[in-house]
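Here is the naming used below: chain letters follow the sequence lines, and residue numbers restart at 1 for every chain.
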Number of protein chains: 2
Amino acid sequence: MSNKTEPRTLAGFMELMPNEQILFEQIKEKIEKIYQRFGFLPLDTPILELSEVLLAKAGGETEKQIYRFEKGDTDISMRFDLTVPLAKYVAKNYGNLSFPFRRYQIGKVYRGERAQKGRFREFYQCDIDIIGDGELSVVNDAELPSVIYNVFKELGFDDFTICINNRKILNGLFESLNQKENSTEILRIIDKIEKIGKEAVIEELEKINVSRHSIDKIINFIEIDGTTDEKLQKLEDLNIESEIFKLGIEELTQVIKNVRCFGIPEENFKVDLTIARGLDYYTGTVYETFLNQYRELGSVCSGGRYESLAEFYTDKKLPGVGISIGLTRLFYKLNELNLVRADKKSIAEVLIVPMVDDLSVPIKIANDLRNKGINTEIFLNDKKLKAKMKYADKLEIPYVIVIGEDEINKGIVKVKDMITGNEKECLIDDIKF
Amino acid sequence: MSNKTEPRTLAGFMELMPNEQILFEQIKEKIEKIYQRFGFLPLDTPILELSEVLLAKAGGETEKQIYRFEKGDTDISMRFDLTVPLAKYVAKNYGNLSFPFRRYQIGKVYRGERAQKGRFREFYQCDIDIIGDGELSVVNDAELPSVIYNVFKELGFDDFTICINNRKILNGLFESLNQKENSTEILRIIDKIEKIGKEAVIEELEKINVSRHSIDKIINFIEIDGTTDEKLQKLEDLNIESEIFKLGIEELTQVIKNVRCFGIPEENFKVDLTIARGLDYYTGTVYETFLNQYRELGSVCSGGRYESLAEFYTDKKLPGVGISIGLTRLFYKLNELNLVRADKKSIAEVLIVPMVDDLSVPIKIANDLRNKGINTEIFLNDKKLKAKMKYADKLEIPYVIVIGEDEINKGIVKVKDMITGNEKECLIDDIKF
């Protein structure tokens, strides 16, 4: 290699081969199409922000992972999610936006995490949020599961479950047990029940000095089971004396009622009282979504309701509800498990293969097909026929039209189906697939 | 504002309001659609690269503008164009790619330029390149003008000119005048003739000690005019004794012949012997594109042929030809001049406005429309009818369906056309626009 630089890509940064990229783009487009189907508006904020603005709220783990640097006198950071830039945007443009402000954003975010397989430092998030001005009806919390449902159906999945809970129910429970100051810690622990099991959860709760009585109440609570309506009834039956608990049940009941109005089948959603979403951020409804045959992927779409989007930038009360899909990791996993279905394996639908020196007829055919809206590639380089066919094959282009003197003289071409191997004759002016 | 952080965006970073963002996305999609129409493959490379890799070739002005920083022990830079990442990608994946490798990439790049109006530090480039393995027929150089032509037609322009030249003609001329070592400097000067005029060009040439005789020859050359075919003839008639000059004429003649095969009208392209593209990089065909009524925008799509894409990473000879559209600046200018036409001004085609407490019927209607593929928003918050109509109006949603008790009882809704104000009655199960 003498004085050449070795061409390499940073660890933790996904870079796909063309056939995988085609797949990735299709998934991204399907998500975007569904977001638009629900009338969400596009947004594209810068990847770089002033550190002072981006990190107004951050701290702890997140802050350590941030790509932060100085350019001239400016302290700059790369965005680590799409929520903080949204908060900035809404606070900055408050007077010019219409509320509820419903936006989607699909873009790359950056976190300098420890490199490991399946973890990425640059990854796409696909977010939607609905932001209210002062207030936002809880019915909005029922629309987002409908978006999630339509996204995963569109991606070809049937067996998935959107788990819905309400943080007020949990918070109210802890309040009634006088465990309010422990609530973040307790939430963190019970959030892990799926992973570590009931006994380990009890142990961890004992470690932070929750009384036996309270632990029993907590375990009784998270073990509530049955149908969705039975769960809601059993929650009522607990007779917990807490206004916030009651409000939580009321909201959750409203959300479930409207989730049904949105036509989500019973098998695709459930009330799951154990999900809390780690973040302090959420204050009401929370969501997680699981592909049931691939629980090991973790939640593939999560989110929830928050009291105030932009409190670090403005005094305005801006409640919101949102969801996020971590597309890069999701794609990596689905691709690894061979679970992604490509609608089209190639960009070009047809490859024109000229076997003549004068390219005017082959080029005219390519033109005509393109003008009809057909993605068409024409092989413009001097190669043997075999090499040209191999090229079509490797790119998985479904149709090939070889054009020689004979075809030009007769005004007829053969359209070859590369999958079946069948050939069909067409008039040059009337090529069909 | 007490302890709030002022929400602001970095200078030189575009951040659009929703209605502008919708426009921007439409333009981006149209460009992408045309790139795909020609069978180009998508590529998405990281925004961050190892500085050692990204800057293997850079130097001078470019290097000063780069966003570069350390994270842990890693020296990282943000990409400043899409060509270097392409070179890295092709060199890295050489064995797994099919050649010619035809890729498009639409993505953000970063240059810390001096901030000024209409200049951006984060901007989209929309690139296509065709990379050959060892060789690449000059016919490819004729296909790219066809892409440019289709892009600007798709964007709604008719009066634009794709200027085509060949660097070999210029280089051969300088060789014949014994000005080879001055050629980069001379190219730089004559490239400015449009801006500074002939006299200033002569003065600048004198300053670098080009002889009066040579200046005459150069001026005669760049003043060649007439139709495309007349220009090609006059070039021949100059009888310049240089193999490279002759090869340049031959290539340019080939390109023009095939540009005509690709069906580009005579009024949309021309041979322009003065364009050289500043960069040393190009070695054959070069392109610039002008909107004729807005020459002040400068070239809106440029590119050309290069001898070797990835010589800093590999010994493999990888000739290529490519073009690039600087979308962010183009959008900014077109938007400022009010030249962008929106096909659709809103994402939602219809707003459902419920005026009832029980939302089940309005939600069902929204569901049905969405299932039919119609982008539908439903107003889920408690507002007065007037406020809801104002919302539809501000978002420029073309149709509104108000649903009250009356409509539900009769099973009939009124679809209001927000532009004409006309209302049309439809059965709930059979809503049409």
Side-chain angles (χ1 to χ4, degrees), chain A residues 4-5 7-10 13 15 17-18 21-22 25 36-37 39-50 52-53 56 67 69 71 88 91-92 96 98 100 108 112 122 136-137 139-140 143 258 261-263 312-314 347-348 359-360 363 367 370 375-377 380-382 391 394-395, chain B residues 4-5 7-10 13 15 17-18 21-22 25 36-37 39-50 52-53 56 67 69 71 88 91-92 96 98 100 108 112 122 136-137 139-140 143 258 261-263 312-314 347-348 359-360 363 367 370 375-377 380-382 391 394-395:
Chain A
K4 305 292 181 190
T5 304
R8 52 208 200 282
T9 299
L10 281 161
F13 287 69
E15 196 171 64
M17 293 306 293
Q21 190 70 52
I22 290 172
E25 297 300 321
Q36 292 186 346
R37 183 72 48 79
F40 287 87
L41 300 171
L43 179 62
D44 184 3
T45 63
I47 283 175
L48 302 183
E49 298 276 2
L50 285 164
E52 184 199 342
V53 173
Y67 290 94
F69 57 91
K71 175 85 179 162
K88 179 211 73 175
K92 181 169 181 278
N96 295 311
S98 300
K108 287 175 169 180
E122 174 186 71
L136 185 73
S137 158
V139 188
N140 292 280
E143 194 180 26
N258 285 295
C261 286
F262 274 106
F312 286 81
Y313 306 124
T314 175
I347 296 294
L359 296 172
S360 46
I363 288 175
N367 266 349
R370 285 167 180 164
N375 291 354
T376 304
E377 179 171 348
L380 293 171
N381 300 287
D382 206 21
Y391 175 86
K394 274 192 75 175
L395 261 64
Chain B
K4 306 290 180 191
T5 304
R8 53 208 200 281
T9 299
L10 280 161
F13 287 69
E15 196 171 64
M17 293 306 292
Q21 190 70 50
I22 290 171
E25 297 298 322
Q36 292 185 346
R37 183 73 49 79
F40 287 87
L41 301 172
L43 180 62
D44 185 3
T45 62
I47 283 175
L48 302 183
E49 298 276 3
L50 285 164
E52 183 201 343
V53 172
Y67 290 93
F69 56 91
K71 176 85 180 162
K88 180 211 74 175
K92 181 167 180 279
N96 295 313
S98 300
K108 288 176 168 178
E122 174 185 71
L136 185 74
S137 159
V139 188
N140 292 280
E143 194 180 26
N258 284 295
C261 286
F262 274 105
F312 286 80
Y313 306 125
T314 172
I347 296 294
L359 296 173
S360 46
I363 288 176
N367 266 349
R370 287 166 179 165
N375 291 354
T376 305
E377 179 171 347
L380 294 172
N381 300 286
D382 206 21
Y391 175 85
K394 275 191 76 175
L395 262 61

A.B. asks: Under 3.5 Å, is there a donor-acceptor pair between the side chain of Glu122(B) and the main chain of Ile47(A)?
C.D. replies: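 Side chain of Glu122(B) to backbone of Ile47(A): a pair is present.
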A.B. asks: On a heavy-atom basis, which atom in Gly112(B) and which in Lys71(A) lie closest, and how many Å separate them?
C.D. replies: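 Answer, listing the atom of Gly112(B) first, then Lys71(A): CA-CE, 4.2 Å.
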A.B. asks: Among the options Leu359(A), Leu395(A), Ile22(A), Asn367(A), pick out the one with the most heavy-atom pairs lying under 4.5 Å from chain B.
C.D. replies: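 That would be Asn367(A).
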A.B. asks: Name the option with the most non-hydrogen atom pairs under 4.5 Å to chain B; the candidates are Pro100(A), Pro18(A), Pro46(A), Ala91(A).
C.D. replies: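 Most heavy-atom pairs under 4.5 Å with chain B: Pro46(A).
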A.B. asks: Counting heavy-atom pairs under 4.5 Å with chain B, which one of Leu48(A), Asn140(A), Leu136(A), Leu43(A) comes out on top?
C.D. replies: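 Ranked by heavy-atom pairs under 4.5 Å with chain B, first place is Leu48(A).
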A.B. asks: If I measure from the heavy atoms of chain A, does Phe312(B) come under 4.5 Å with its side chain, its backbone, both, or neither?
C.D. replies: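 It is the backbone, since no side chain atom gets that close.
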A.B. asks: What's the shortest heavy-atom distance between Ala348(B) and Gly39(A), and which atoms?
C.D. replies: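 Looking at all heavy atoms of both residues, the shortest contact is CB-CA, 4.1 Å.
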A.B. asks: Asp44(A), Val139(A), Thr45(A): which one forms the most heavy-atom pairs within less than 4.5 Å of chain B?
C.D. replies: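 Max contact count across the listed options: Asp44(A).
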A.B. asks: Could you walk me through whether Glu52(A) and Arg8(B) pass the side-chain contact (heavy atoms from CB on, under 4.5 Å) check?
C.D. replies: CA-CA 10 Å; Glu52(A) 184 199 342; Arg8(B) 53 208 200 281; 2.8 Å; yes
A.B. asks: Name all residues meeting the ring pair (Phe, Tyr, Trp, His ring centres under 6.0 Å) criterion together with Phe69(A); count only those two or more places apart in sequence or in a different chain, and write none if there are none.
C.D. replies: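 Checked Phe69(A) against ring pair (Phe, Tyr, Trp, His ring centres under 6.0 Å); matches are Phe69(B).
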A.B. asks: Indicate the atoms forming the closest heavy-atom contact of Ile347(B) with Pro42(A), along with that distance.
C.D. replies: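 The answer is CG1-CD, 3.6 Å.
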A.B. asks: In the structure I gave you, are the side-chain heavy atoms of Lys108(B) and Lys108(A) within less than 4.5 Å of one another anywhere?
C.D. replies: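 A side-chain contact is absent here, since even the closest heavy-atom pair is not under 4.5 Å.
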A.B. asks: Given the options Leu41(B), Leu380(B), Leu50(B), Asp382(B), which has more heavy-atom pairs under 4.5 Å with chain A than any of the others?
C.D. replies: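 With the most close heavy-atom pairs to chain A, the winner is Leu380(B).
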A.B. asks: Looking at Gln36(A) and Asn375(B), would you say the former's side chain and the latter's main chain have a donor-acceptor pair under 3.5 Å?
C.D. replies: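 Checked: no pair found.
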A.B. asks: Does any backbone or side-chain atom of Glu49(A) lie under 4.5 Å from a heavy atom of chain B? Answer side chain, backbone, both or neither.
C.D. replies: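 Both parts, backbone and side chain.
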A.B. asks: Please lay out, stage by stage, how Thr9(B) and Lys88(A) fare under the test side-chain hydrogen bond (donor to acceptor under 3.5 Å, both in side chains).
C.D. replies: CA-CA 8 Å; Thr9(B) 299; Lys88(A) 179 211 73 175; 2.7 Å; yes
A.B. asks: Output all residues satisfying ring pair (Phe, Tyr, Trp, His ring centres under 6.0 Å) with Phe13(A), sequence neighbours left out; order by chain, then residue number.
C.D. replies: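 By the ring pair (Phe, Tyr, Trp, His ring centres under 6.0 Å) rule, Phe13(A) matches no residue at all.
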A.B. asks: Hey, which of Lys394(B), Arg370(B), Glu25(B) has the most heavy atom pairs under 4.5 Å with chain A?
C.D. replies: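 Greatest number of close heavy-atom pairs with chain A: Arg370(B).
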